Amino acid sequence: MLARLKRTGALWLLLLPMLLWIGLLFVLPHIKLFLLSFQDRYTGAFTLKNYATFFTSPLYRGVFIHTVEYSILTTLVTLAIAFPAAFVVTKVLSERAKALVVIAIILPYWVSELIQAFTWMVIFRETGILSYTLRALGITRHNIEFLYHNWTVMVGLVYTSLLFMVIPILNSLETLDDSLIEASYDLGGDFWSTMKEIIIPHSMPGIMVGSIMVFMLVLGNYVTVTLLGGKNSLWFTENIYNQFIVRFNQNQGAAFSVILLTFSVLFVWALLKITKQDLSEAM
Amino acid sequence: MKGKVAMLLAVVLIISMLLSACGGAATKAPEPTKAAAAPTKAPATEAPAKKGGVLRMLTWEGYAPEELVQKFTDQTGIKVEITYIGDNNELIAKMAATKGKGFDLVSPTLNYVITAQKEFGIYQPIDMSRVNTKLFNPTYLKSITEQATLDGKVYALPFVWGTTAMIVNTEKAPDAGETYLDLCDPKYKGRVTYRAKYDTLYMFAYALGMDPAEAVKSEDEYRKVMYKVRDKLIECKPIVRTYWDSRQQLEELVTKEEVWLGTSWDAIAWTLSVKDPKFKYAVPKEGAVGWYDTFAISAGAENLDAAYEWINFIMQPENAAVIINQTGYQTASEGAAELASPELAKVVKETLPPEKMANIKWYFPLPPYARDIEAEVLEQVKAAKSK
């Protein structure tokens with residue numbers, strides 16, 4: 001049955017909705033974006049000016065570097081939190097407890113990112129819950145403003161991306177046979193060497209997928225960074241928004257978008273090369 | 001088990017993504033349930049000219065209170081869909097993307113109407129014969145329609161106006177409010193807020209002794225003025241706590257006493273003042289910055305009848321009074337102010353007496369280069385690093 005369907009190519013029909021979706025809503029707009037980025041704002045003629053603006057302006061470069069730095073940092077922090085959690089969930093907890101923890105990890109995602117950001121504001125503001133609690137416990141004497149710092153933005157970003165790191169790692173750890181870990185100990189390995197030689201190499205595909213997803217999500221985030229960020233946390237996406245919405249300069253905005261997209265693709269590619277992972281294997 | 005967990009995760013993930021995507025949408029249609037239930041109570045004899053259809057508006061928060069939308073739907077059978085905007089550039093960008101398709105009635109600020117019409121052609125002329133002009137204050141109607149005329153055609157009607165100056169917590173900062181430069185005073189470090197938007201640029205320009213309304217006529221002049229403002233704002237960046245964006249955000253910052261002074265739309269300060277007199281709307285010696293929001297009809301409007309219907313409905317004094325009471329804004333509706341709450345009228349009179357009214361610095365028409373200079377300056381201010 002399957003063989004006959006394969007022969008007729010009927011199985012391709014199953015892919016059709018997704019191909020249409022991606023083609024119409026992703027590929028086409030990106031081609032348009034790409035073309036726009038090489039056009040002059042007023043005449044529509046071919047130009048590299050929009051890209052020159054980025055590379056010659058310390059402002060846009062600075063904001064871009066800030067954004068990349070914090071995206072990498074956020075990815076690392078998310079990994080540091082997610083990996084131990086995923087390990088405990090797969091290797092230590094009972095099936096029942098496992099289901100509970102997984103649901104606890106998922107639950108916050110039933111709330112939109114906007115609401116999550118507002119919730120952080122209620123917690124972190126000077127007259128907010130955290131500041132109040134610290135004062136009530138006598139730890140501090142004055143209210144403290146936790147909002148509007150770069151690290152506040154990071155807390156929010158880590159929270160919104162945690163799930164995307166936990167799930168792939170969870171999946172890769174599930175396939176790790178416990179007997180391998182036991183064998184490592186039997187052969188004289190301690191916790192760290194087992195971690196280094198057995199567990200991490202095995203879950204590397206999961207770690208890579210998680211890191212790629214989180215990095216991309218954070219790099220392109222807009223809501224969390226604009227709400228939690230203060231006067232000093234301009235994110236590159238806000239520059240793109242400004243070009244499109246405030247300055248009506250679609251061409252400059254398109255160039256910025258292409259730069260961001262190209263950078264993230266190259267970054268991911270380099271990461272896969274360095275860690276000797278294959279995308280098809282990792283996914 | 002493994003398969004089941006993965007399946008469960010996939011399903012939950014997809015649902016949550018869908019949910020958050022929906023959460024982000026800004027369009028809001030009022031609950032139709034009540035509207036649908038009402039006509040059953042009132043028999044058909046009472047409904048002579050129900051037009052029906054949908055009116056799609058692009059407007060500011062507070063300009064179409066739920067109570068009035070409900071009343072309008074009950075009276076006319078027209079459903080109302082509202083999309084809110086946070087600034088004029090956003091409005092123009094939304095309209096320009098589709099040449100106005102998708103919206104019938106919009107509320108741009110006066111100084112953006114003609115420039116945007118010249119650049120993008122997003123509005124259509126208003127048919128004055130369909131407007132009940134008796135509902136409008138004649139002075140405002142004449143002055144605004146004149147300023148919104150292009151090639152002999154009128155593109156906007158007066159709706160709501162207001163001023164931007166400062167809000168001061170008189171207990172925490174009793175001396176503040178004489179000049180906009182108080183926003184830069186180190187003694188209020190971390191207790192100041194303003195918008196990283198055009199109105200703040202104008203305030204600082206006036207405070208530094210310049211006249212942006214005059215300078216805007218020349219690109220070079222305007223650039224000079226705005227660069228001076230930029231340098232001042234960067235110098236003052238350590239003083240400001242955060243830039244406010246929405247009414248709700250400013251209200252929280254002020255009422256929780258996280259900030260003691262900031263820029264504020266008059267209506268926000270007035271409504272807070274009525275609740276607690278220690279908050280005051282302060283118009284400094286440089287004068288308040290004034291704006292006039294209008295009705296304009298989209299070039300891509302599909303329900304013209306509904307658009308005119310709404311204008312003639314909302315400008316009736318008893319309806320306009322609802323807007324005044326709920327938001328604190330002033331309207332061009334003749335006789336509405338007399339129906340509004342006396343407490344509000346009192347603070348308005350106290351903080352914006354005739355001599356300060358005469359000194360209002362109205363928003364001026366912005367040529368495309370001016371908008372670009374402002375955006376550039378604001379980007380630089382936001383990107384500047386400070387403590």
Side-chain angles (χ1 to χ4, degrees), chain A residues 41-42 57-60 62-63 66 89-90 95 98-99 102-103 105-116 118 121-122 125-128 143 145 147-148 160 163-164 166-167 170-171 174-175 222-223 226-227 229-234 238-239 241-250, chain B residues 1-2 4-6 8-10 12-13 15-17 19-25 87-94 96-97 116 119-120 190 193 196-198 237-238 240-243 245 248-249 252-253 255-259 368 371-372 374-376 378-387:
Chain A
R41 181 181 179 183
Y42 299 105
S57 147
L59 191 159
Y60 299 130
V63 174
H66 169 91
V89 167
T90 44
E95 290 291 337
K98 194 188 286 185
V102 169
I103 287 177
I105 292 172
I106 294 169
L107 221 49
Y109 294 84
W110 289 59
V111 173
S112 91
E113 194 188 347
L114 197 64
I115 309 290
Q116 288 181 18
F118 279 124
M121 290 176 86
V122 172
R125 66 186 314 145
E126 190 191 8
T127 51
N143 282 334
E145 177 71 275
L147 215 53
Y148 316 127
T160 51
L163 182 69
F164 300 94
V166 171
I167 300 303
L170 210 65
N171 267 333
E174 290 253 3
T175 59
Y222 182 76
V223 173
T226 43
L227 283 176
K231 53 185 179 178
N232 289 327
S233 350
L234 190 60
E238 207 178 327
N239 279 149
Y241 176 90
N242 266 342
Q243 290 298 339
F244 276 103
I245 304 296
V246 183
R247 305 180 74 162
F248 305 122
N249 194 343
Q250 289 193 6
Chain B
M1 179 58 200
K2 212 172 287 167
K4 257 195 258 165
V5 169
L8 175 79
L9 288 179
V12 170
L13 205 64
I15 294 175
S16 58
M17 282 176 132
L19 282 178
S20 49
C22 297
D87 91 25
N88 274 291
N89 295 315
E90 201 185 317
L91 182 152
I92 299 171
K94 274 208 165 76
E119 209 177 346
F120 303 107
T193 186
K197 293 261 159 101
Y198 35 81
K237 207 171 168 182
V240 67
R241 182 189 201 85
T242 189
Y243 304 123
D245 251 330
Q248 172 256 355
Q249 193 188 1
E252 275 188 21
L253 284 166
T255 52
K256 290 180 195 291
E257 301 198 318
E258 292 180 358
V259 306
R371 216 175 39 210
D372 214 47
E374 289 175 4
E376 179 194 328
L378 288 170
E379 261 178 3
Q380 289 171 351
V381 170
K382 280 199 234 172
K385 296 274 173 226
S386 85
K387 292 245 172 69

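The chains referred to below are lettered A, B, ... by the order of the sequence lines, with proteins before strands, and numbering in each begins at 1. A quick note: this is a predicted structure, and the numbers were derived from the prediction, not measured.
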Original post:
Step by step, would you call B:Glu252 with A:Met121 a side chain to side chain contact (heavy atoms under 4.5 Å, CB included)?
Top reply: CA-CA 11 Å; B:Glu252 275 188 21; A:Met121 290 176 86; over 6 Å; no
Subject >> Reported CD-to-OG1 distance for the pair A:Glu145 and B:Thr242, which is rounded to 0.5 angstrom >> reply: 8.5 Å
**OP:** Check ring-ring contact (aromatic ring centres under 6.0 Å, His included) between A:Tyr148 and all other residues, then give those that pass, not counting sequence neighbours.
**Re:** none
**OP:** Tell me, for A:Val63 versus chain B, whether the close heavy atoms (under 4.5 Å) come from the side chain, the backbone, both or neither.
**Re:** side chain
Subject >> Atom group of A:Asn239 that falls short of 4.5 Å from chain B, counting heavy atoms >> reply: both
Original post:
Picking from B:Glu258, B:Glu90, B:Glu374, which has the most non-hydrogen pairs under 4.5 angstrom with chain A?
Top reply: B:Glu258
**OP:** Using modelled atom types only, decide if a donor and an acceptor are shared between the side chain of B:Lys382 and the backbone of A:Leu234 within a distance under 3.5 Å.
**Re:** no
Original post:
Given side chains that start at C-beta, do those of A:Phe248 and B:Asn89 come closer than 4.5 Å, heavy atoms only?
Top reply: yes
**OP:** Pick whichever of B:Lys385, B:Glu379, B:Lys256, B:Gln380 has the most heavy-atom pairs under 4.5 Å with chain A.
**Re:** B:Glu379
**OP:** With a 4.5 angstrom heavy-atom cut-off, could you sort out which part of B:Leu378 is near chain A: side chain, backbone, both or neither?
**Re:** neither
Original post:
Which residues satisfy the ring-ring contact (aromatic ring centres under 6.0 Å, His included) test with A:Phe118, sequence neighbours excluded?
Top reply: none
Subject >> Part of B:Ala384 within contact of chain A (heavy atom distance under 4.5 Å) >> reply: backbone
Subject >> Donor-acceptor contact below 3.5 Å, side chain B:Lys237 vs main chain A:Lys231 >> reply: yes
Subject >> B:Val381 versus chain A, the contacting section by heavy-atom distance below 4.5 Å >> reply: neither
Subject >> Side chain, backbone, both or neither of A:Gln250 within contact of chain B (heavy atoms, under 4.5 Å) >> reply: neither
Subject >> Region of A:Ile245 in contact with chain B, defined by heavy-atom distances below 4.5 Å >> reply: both
Subject >> Contact class of B:Glu376 relative to chain A, heavy atoms under 4.5 angstrom >> reply: both
